[in-house]
Amino acid sequence: MARKPFIAGNWKMNMTAESGKELIAQLKPLVKEAKCNVALCVPAILIPAMVKAAKGSKIKIGAQNVHFAKSGAYTGEISADMLKEYGVKYVIIGHSERRQYFGETDETVNKRTLFALENELTPIVCVGETLSERENGETEKVLLKQLTVGLNGVTDVTKLVIAYEPVWAIGTGKTATDEQAQETIKYIRNTLGKIFGVKNANRVIIQYGGSMNAQNCKGLMAQPDIDGGLIGGASLKPDFATIVNFDK
Ligand code: PGA
């Protein structure tokens, strides 16, 4: 079965309600004919305004995190119910910046992923190696752990999205080459095949992320195992539409 490409933006801690609305208004006509799924994962406080701004368009609004409890004393966190109340479908889990700066581990990624799935949200689970891990030849070992621990207990892997984001490529302007990205994503798909069965693994959407932009998106998207992109910097500009329209 053919996998439908999925291009998602990750605004990180950028934009305001005002600038976000403006950008979405600019993007709307530009992505009207997109054949892929499109999402923008925005800061939690902007979700209501951006859902309203994106109404009637191809753009779905996603979140950047979700907690693994239904509710409770978790200052600063956001619950699945809060996201669902606004029709949020996608949620980024385990972004390397959360792992690096906010103590996210494979174990908490696992809890968040299971809870998101239980709540019918689509997790975009981020995995990827650091520069020293790649240079030490540990890329596969790191990914194997991130996938086996992070996805432990998942019953239907086709309900989630994987974003392969080499940490050394994020926000650095250093994109993985088409071949590097394909080779690593192929490894991820093979690993999913071993855990969840080849048939299921072949249905999982796997994105590439890390300095993907309007110039390099075509080459990356032409790779057989790359089904989409998770776009940081380049999702903050109308240029994002060029990536969404990579097949034009
Ligand atoms: P970047 O970020 O496109 O700015 O490199 C990607 C990401 O972190 O998701």
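FYI, the numbering just counts along the sequence from 1. In listed order, ligands and their atoms are each counted from 1. On a predicted model such as this, the values are computed, not experimentally measured, just so you know. Every heavy atom of this structure was used, including side-chain atoms; hydrogens, water molecules and symmetry mates were not.
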- [ ] Could you pull out all residues at least two apart from D247 that satisfy salt bridge (charged side-chain N to carboxylate O under 4.0 Å, His left out)?
- [x] none
Task: Set of side-chain hydrogen bond (donor to acceptor under 3.5 Å, both in side chains) partners for E77, sequence neighbours left out - done: R112
Open item on the list: Measuring from atom OG1 of T139 to atom CG of L143, what distance do you get when rounded to the nearest 0.5 angstrom?
Closed with: 6.5 Å
Open item on the list: Tell me every residue that passes side-chain hydrogen bond (donor to acceptor under 3.5 Å, both in side chains) with N119, counting only those two or more places apart in sequence or in another chain.
Closed with: K84
TODO: Answer with yes or no whether the side chains of S96 and Q100 bring together a donor and an acceptor at under 3.5 Å.
DONE: no
- [ ] Identify, chain by chain and in numerical order, each protein residue with a heavy atom under 4.0 Å from an atom of ligand 1.
- [x] N10, K12, H95, E165, A169, I170, G171, G210, S211, L230, I231, G232, G233
Open item on the list: Between Q182 and D225, do the side chains contain a donor N or O and an acceptor N or O under 3.5 Å apart?
Closed with: yes
